[in-house]
Enquirer: 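Could you have a look at this structure, given as structure tokens, before my questions?
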Amino acid sequence: MDLPARASITRQPRIVLAFDLDNMYVACERLRNPWLVGKPVGVQQKGLLATASYEARALGVDKLCTLREAKQRCPSLILVNGEDLTLYRYYSRRVFNLVRSVLGTCPVEKLGMDEVFCDVTEMITEHLAELEGTSPGPQGRWFSLAQADPTEHSENKGFWYNPSLGCPGHTIPEPEATNTVNSGTEPPTEIVVASHLANHIRHLILTQIGLGSSAGIAYNKTLAKLVGNLHKPHQQTTLTVHPGTAGEYTRVVRALLDPLDAHKLMGFGWKVLCTLRDHVTGSPRASIYDTTTENHHSNTTLTVAFLRQSLTEQHFRALLGAQNGQKLWNLLDGKDEEPVKSSPEFPLTISIEDSFDERRGTLDWQGVLQEIEILANSLLRRLEIELVDGGEIDGIRSDSSLPKPPRKWQRYPSQIRLTIRGGHSKEIAYNANRESRSAALPVPVFDLDVPRVERAQALVRQPLAGLAKQILDKGMERKTVEKYEVSIINIAVTHLQITTPTKSINAFFSAGMVNGEPSLGIGSHLNVTDDVTSTIGSKRPRTIYASDLDLEMLRELPPDIRDDVLREYGIDVSELDLDERPHKQSKSDASPVAIGTKSEARPSQNPLVAISNVVSEHEIGTSVSSSSSNDEGPLSDEEPEIGNAECTICGAVVFSWSMDAHIAYHAGS
DNA sequence: GGTAAAATTT
DNA sequence: AAATTTT
């Protein structure tokens, strides 16, 4: 053979697409409530602005600023509460499923909520092989796709593209430069075709799901992601140089990477940068949390060029570990062999957490248990949505008219872990003060015949209360003798398995005893002491009216899940006239319903159904900063702050601000 | 910076 | 099993 002996231990370069959904949270909120389209929108999580729409950024709103700053800079900013992630998970999964169905057997990896990597080497190679010896017709080339999900997009078996037009969108280097400056090196056909494929997938995501995206196309993950971020909303960028062209590749990639902050490369996180900085500056501990700037990565920006010139491969291996150091060192040259790993159909862990400020997070033992129970309940709810196959598609029942199939768990977590971060000091480094304990997950939590609240309560009694005790009694800070300071509580289930668990726990549901002691009152109906109930959440439960819910949308839900939703909000199903034709509702006959604060732990609406989560002016006032003069909070008023309006078409009463969207809903159906 | 999840290290 | 690190 003419192959050099043991030619490449190193892998062949892969053709990688990296997709990034544009402004995902805002885009999702706009799908739920089209009234938000074109307006300056901010997504709020706790007291901060998690993200802002491009309109808002144009008006001077920075990401990562406090709500007060945001409102100050841009009074017209519309805030949406984004603490409940259900809606984003839903779209994230739809995008992932769509991409996977288009690409067939090619690996598709989900990175977080809004990013997807695809290794399309196989697909491109096969396509090119089929084209061998043929020439493009008048319409160009036909790219035949893997059999897509027939129910959702049977039309889309492929797409036309014109290879002679080069890559759609931006390229690096620019095509002119390729032709004139260099000796006419054309981009490899495979990367051009991959670029067309990426373009088509973006088109599908936009037309079938309604989300805009950006993409990067390159010969490895790091570079694909990196160039994808170069031109952001609704664009794509292709790095056309092939690693085989060693000289040119190095030149182009270095020109690209050298001026960048190394932090932009995957793997160069805060810790790694601190380690490197300490050794470069020779001043160990110079880079701990900087309280003056309140910035985690600090002072000196380390560029890729600087790192490569001031340190060596050996330094990297010594400082960061032989394996990891080598990988990171190679990254400085844009060398990255990380394979695109197919994301499993089910995650390996599922966790849920809530954060607490001093007000909410200074709790006695009862209070801690109460918060844990709320989280446990949310977690169980999520497990049922995501792990139980009850004919759900993307978390929503598909057809309520079919006989209900037996609800079967698709995965069984076997461990449960409780993590608590104590203390509210600003000084604590990002991840410090976290302690976790884990235990076997009692099998009876899978018994769907037992009401979820009961299973949640049982889970608190065993084993969560015990785990909490272990954590809190081992040197967690407490404010007074009987108050604990907690800033984060997280509950995770892990070790998800396909096989049904066997280990059984005696009398799991029998109330009363924890470790031989009488159990503490946990359920809200139990012997909760004094003011605990009334201080659930940072505000008093807000009064809303049943008519505030979008009845039209609710009617569309299958009865069982709809009832479940309503039950969750404590709404008496009989109050709502859901199964009959809509009749007039006026404010006076709508019944007040108490709803807690919005968060993942306390969802206040079905995020897929509610028209939106727009935060009222008053709430902004409260959450920004406690200039609120009374402990009750301004929202304890009987009157809703927001005007309602009655739909002239169906008579439903909705928020005034959502009427546009409501009308649009009629138009669309 | 809040939330979720994975991988790696101890 | 717990803690750390990254995205």
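A, B, ... follow the sequence lines: proteins, then strands. Residue 1 opens every chain.
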Enquirer: For B:dG1 and A:Q45 - does any side-chain N or O of the residue sit under 4.0 Å from the phosphate oxygens OP1/OP2?
Expert: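 No, outside the criterion.
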
Enquirer: Once you round it to whole Å, what is the distance between C1' of C:dT4 and CZ of A:R434?
Expert: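 The answer, rounded to whole Å, is 10 Å.
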
Enquirer: Just to be sure I understand the rule, does A:I488 reach a base, reach only the sugar-phosphate, or reach nothing, if contact means heavy atoms closer than 4.0 Å?
Expert: nothing

Enquirer: Can you sort out the partners of A:Y219 under side chain to side chain donor-acceptor pair (under 3.5 Å), two or more places apart, ordered by chain and number?
Expert: A:E190

Enquirer: Just N and O in the side chain of A:R417: are any of them under 4.0 Å from OP1 or OP2 of C:dA2?
Expert: no

Enquirer: Of the listed nucleotides (C:dA2, B:dT3, B:dA4), which one gets closest to any side-chain atom of A:R89?
Expert: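 Comparing C:dA2, B:dT3, B:dA4 against the side chain of A:R89, the answer is B:dA4.
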
Enquirer: C:dT6 P sits how many Å from A:L265 CG, rounded?
Expert: 13 Å

Enquirer: Under the 3.5 angstrom rule, does the side chain of A:D336 hit a backbone N or O of A:T222 as a donor-acceptor pair?
Expert: yes

Enquirer: Strictly below 4.0 Å, N to O, side chains only: are A:E115 and A:K110 in salt-bridge contact?
Expert: no

Enquirer: In whole angstrom, give the distance that lies between atom CG of A:N490 and atom C1' of C:dT4.
Expert: 14 Å

Enquirer: So, is A:R93 close to the B:dA4 phosphate, meaning a side-chain N or O under 4.0 Å from OP1 or OP2?
Expert: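 The answer is no; no side-chain N or O of A:R93 sits under 4.0 Å from OP1 or OP2.
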
Enquirer: Does A:D333 have any side chain to side chain donor-acceptor pair (under 3.5 Å) partners at least two apart in sequence or in another chain, and if so, which?
Expert: A:R254, A:R308

Enquirer: What's the CG-C1' distance between A:L111 and C:dT7, to the nearest Å?
Expert: 6 Å

Enquirer: Pull out every protein N or O sitting under 3.5 Å from an N or O of nucleotides 6-10 of chain B, one pair per line with the distance.
Expert:
| from | atom 1 | to | atom 2 | distance (Å) |
| --- | --- | --- | --- | --- |
| B:dA6 | OP1 | A:L348 | N | 2.7 |
| B:dA6 | OP2 | A:T349 | N | 2.9 |
| B:dA6 | OP2 | A:T349 | OG1 | 2.7 |

Enquirer: Write down the distance between CD (A:Q44) and C1' (B:dG2), rounded to a whole number of angstrom.
Expert: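 The distance from CD of A:Q44 to C1' of B:dG2 comes to 12 Å, rounded to the nearest Å.
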
Enquirer: Who passes side chain to side chain donor-acceptor pair (under 3.5 Å) against A:T51, sequence neighbours left out?
Expert: none

Enquirer: Using a heavy-atom cut-off of 4.0 Å across all strands, would you classify A:K225 as base, sugar-phosphate, or nothing?
Expert: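 Contact class for A:K225: sugar-phosphate only.
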
Enquirer: Below the 4.0 Å mark, does B:dA5 have OP1 or OP2 next to a side-chain nitrogen or oxygen of A:S351?
Expert: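 Answer is yes, contact under 4.0 Å.
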
Enquirer: Which part of the nucleic acid, if any, lies within reach of A:M266 when heavy atoms closer than 4.0 Å are counted: base, sugar-phosphate only, or nothing?
Expert: sugar-phosphate

Enquirer: Using a 4.0 Å heavy-atom cut-off, does A:Q415 contact any base of the nucleic acid, only the sugar-phosphate backbone, or nothing at all?
Expert: sugar-phosphate

Enquirer: Contact between A:T494 and A:P413 at the side-chain level, heavy atoms closer than 4.5 Å - yes or no?
Expert: no

Enquirer: Can you tell me which residue pairs pass the salt bridge (Lys or Arg N to Asp or Glu O under 4.0 Å) test with a partner in residues 48-58 of chain A, sequence neighbours excluded?
Expert: A:R30-A:E55

Enquirer: A:S438 side chain: which of C:dA2, B:dG2, B:dA4 is closest?
Expert: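 Among the listed nucleotides, the one closest to the side chain of A:S438 is C:dA2.
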
Enquirer: So A:G321, base contact, sugar-phosphate only, or nothing? Heavy-atom distance under 4.0 Å.
Expert: nothing

Enquirer: So which nucleotide from B:dA4, B:dG2, B:dG1 ends up closest to the side chain of A:R382?
Expert: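 The answer is B:dA4, which lies nearest to the side chain.
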
Enquirer: What is the separation between atom CD on A:E115 and atom P on B:dA5, rounded to the nearest whole Å?
Expert: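 That distance rounds to 16 Å.
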
Enquirer: Can you tell me the distance, in whole Å, between the OH atom of A:Y25 and the P atom of B:dG1?
Expert: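 Between P of B:dG1 and OH of A:Y25: 17 Å.
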
Enquirer: Side-chain N or O of A:T419 less than 4.0 angstrom from OP1 or OP2 on C:dA2?
Expert: no

Enquirer: A:D114: what forms a side chain to side chain donor-acceptor pair (under 3.5 Å) with it, not counting sequence neighbours?
Expert: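 Per chain and number, A:D114 pairs via side chain to side chain donor-acceptor pair (under 3.5 Å) with no residue.
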
Enquirer: Starting from P on C:dT7, measure out to CG on A:N229 and report it in whole angstrom.
Expert: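 Whole-Å distance recorded here is 12 Å.
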
